[in-house]
2 protein chains.
Amino acid sequence: MTPLEMKRRKLRGGGNKITPQRIAILKAIDGIHSQFTPQELHRKLSAEHPEIGLVTVYRTLKLLAKSGLVCLMGNIGRSQSYARGPQQHHHHLICAGCDMVVDIPTCGLDELEKRLAHETGFTISRHHLEFTGLCRNCQAVSAGGLV
Amino acid sequence: MTPLEMKRRKLRGGGNKITPQRIAILKAIDGIHSQFTPQELHRKLSAEHPEIGLVTVYRTLKLLAKSGLVCLMGNIGRSQSYARGPQQHHHHLICAGCDMVVDIPTCGLDELEKRLAHETGFTISRHHLEFTGLCRNCQAVSAGGLV
DNA sequence: ATCCAGTTGAAAAGGATTTTCAACTACAGA
DNA sequence: TCTGTAGTTGAAAATCCTTTTCAACTGGAT
């Protein structure tokens, strides 16, 4: 079963229909390797699928996130930010220069989380960790005085 | 020197003027012990200072954040979220039920940060860590079937 | 082949934030 | 104390992102 088939199946399982728009959106997302906003995805789509409206992109991303097929990462400025891949435990290293995103699979926060829960009486259900800095490329660029 | 005087001095130092609006806003912020949005602050202000416009609140918060007198925490839904106190190294434990915010002064991420920098070639300038869960109160409420 | 619940695109509405602009004012210097 | 001016203000308008509404359309079960 191809990855796309798996995704179709997962969508169908939730009682949703498989439409040409949704397939086009799923395919487009597969080709994006950094975080993206609904607007950016729509821009990317419009080359091959000018008939797909921005509203549909918003709706579909929301649906895909609910179905676990894309990952809602939070807000960049005013915009929602999504990323390819399922919602799972991972964190991000983000370049302030070029917006590149690197996933961080481990964080070692379990200990801290347990301690906090104990000390505060909270039930902690999730955490979010984000590092910001400059990637090698952008360091070079800013060292050259271009920024 | 009172805390307020210190803040006035800090503002003046940046070449900014001390206006009645800014003083009222600084005082109001001192009375808020959880995170707040510009809109919430404006609502709170409007009782005593109906003449202060929402736009001024937005502008002043931006100025205060730049001057290090309040702390811009990120976005809650679509809204910016601020908190009393200077921007410094601390993180948050947030209750999903009542929005209460608890500061976490330590995080022990220096090691991970160093390792990441080494492995990826990034220059890491800051990180953001956030735990979400339910405080004792809200656990009780949801256990009672009210949520 | 038929039917209907789910889906679509366009336009309008909604909500947060920023910009514009003319009037006002804090305060440095005379 | 007075004056000039750069910074500040509030209201309205503009902007930007996102959601809602609605009539037309369609996937897929029967």
| Spacing between A/I25 atom CD1 and C/dT8 atom C1', to the nearest angstrom | 11 Å
| query | In this structure, are over 12 heavy atoms from other groups packed under 6.0 Å from B/R84 atom CZ? | reply | yes
| request: Sugar-phosphate means primed atoms, P, OP1 and OP2; the rest is base. With that split, encode nucleotides 23-30 of chain C 5' to 3' as B, S or - using protein heavy atoms under 4.0 Å. | output: ---BSS--
| task | Using a 4.0 Å cut-off on protein heavy atoms (strictly under), produce a 5'-to-3' string for nucleotides 13-20 of chain D with B for base contact, S for backbone-only sugar-phosphate contact, and - for none. | result | --BBSSBB
| Length of the CG-P vector between B/L41 and C/dA16, whole Å | 15 Å
Listing, residues 112-124 of chain B side-chain donor-acceptor contacts under 3.5 Å, not counting sequence neighbours, or none:
{"from": "B/E113", "atom 1": "OE1", "to": "B/H127", "atom 2": "ND1", "distance (Å)": "2.7"}
{"from": "B/R115", "atom 1": "NE", "to": "B/E119", "atom 2": "OE2", "distance (Å)": "3.2"}
{"from": "B/T120", "atom 1": "OG1", "to": "B/L116", "atom 2": "O", "distance (Å)": "2.7"}
{"from": "B/T120", "atom 1": "OG1", "to": "B/F122", "atom 2": "N", "distance (Å)": "3.2"}
{"from": "B/T123", "atom 1": "OG1", "to": "A/Q139", "atom 2": "OE1", "distance (Å)": "3.0"}
{"from": "B/T123", "atom 1": "OG1", "to": "A/Q139", "atom 2": "NE2", "distance (Å)": "2.9"}

| Whole-Å gap separating P (C/dA16) and CG (B/L72) | 17 Å
| Hey, mind stepping through B/N16 and B/R22 against side chain to side chain contact (heavy atoms under 4.5 Å, CB included) and telling me if it holds? | CA-CA 10 Å; B/N16 306 294; B/R22 287 177 180 176; 3.7 Å; yes
| field | Heavy-atom pair of closest approach, residues B/S67 and B/K10 | value | O-CE, 3.8 Å
| B/L69 and B/I29: side chain to side chain contact (heavy atoms under 4.5 Å, CB included), yes or no, with the steps? | CA-CA 10 Å; B/L69 295 173; B/I29 290 173; over 6 Å; no
| said: Just so I know, are the side chains of A/L11 and A/L63 near enough to count as touching, which here means a heavy-atom distance under 4.5 Å? | reply: yes
| message | Please report the distance, rounded to the nearest Å, between CG in A/L26 and P in C/dT7. | response | 13 Å
| note | The side chain to side chain donor-acceptor pair (under 3.5 Å) partners of A/K7 (sequence neighbours excluded) come to A/D30
| query | Under 4.5 Å between any side-chain heavy atoms of B/I23 and B/R8, yes or no? | reply | yes
| task | Check whether B/I32 and B/L54 end up in the same hydrophobic cluster, where Ile, Leu, Val, Met, Phe, Trp and Tyr are linked by side-chain heavy atoms less than 4.5 Å apart. | result | no
| Are any side-chain N or O atoms of A/T132 and backbone N or O atoms of B/S125, one a donor and one an acceptor, separated by less than 3.5 Å? | no
| task | Send over the distance from B/L61 CG to D/dT8 C1', rounded to a whole Å. | result | 15 Å
| said: Within residues 43-51 of chain A, which residues have any heavy atom lying less than 4.0 Å from an atom of DNA chain D? | reply: none
| note | Taken to the nearest whole Å, CD1/A/I23 to C1'/C/dT8 is 15 Å
Quick one: side chains of residues 45-53 of chain B, donor-acceptor pairs under 3.5 Å with protein atoms, not counting sequence neighbours, listed by atom name and distance.
{"from": "B/S46", "atom 1": "OG", "to": "B/R43", "atom 2": "O", "distance (Å)": "2.7"}
{"from": "B/H49", "atom 1": "ND1", "to": "B/E51", "atom 2": "OE2", "distance (Å)": "3.3"}

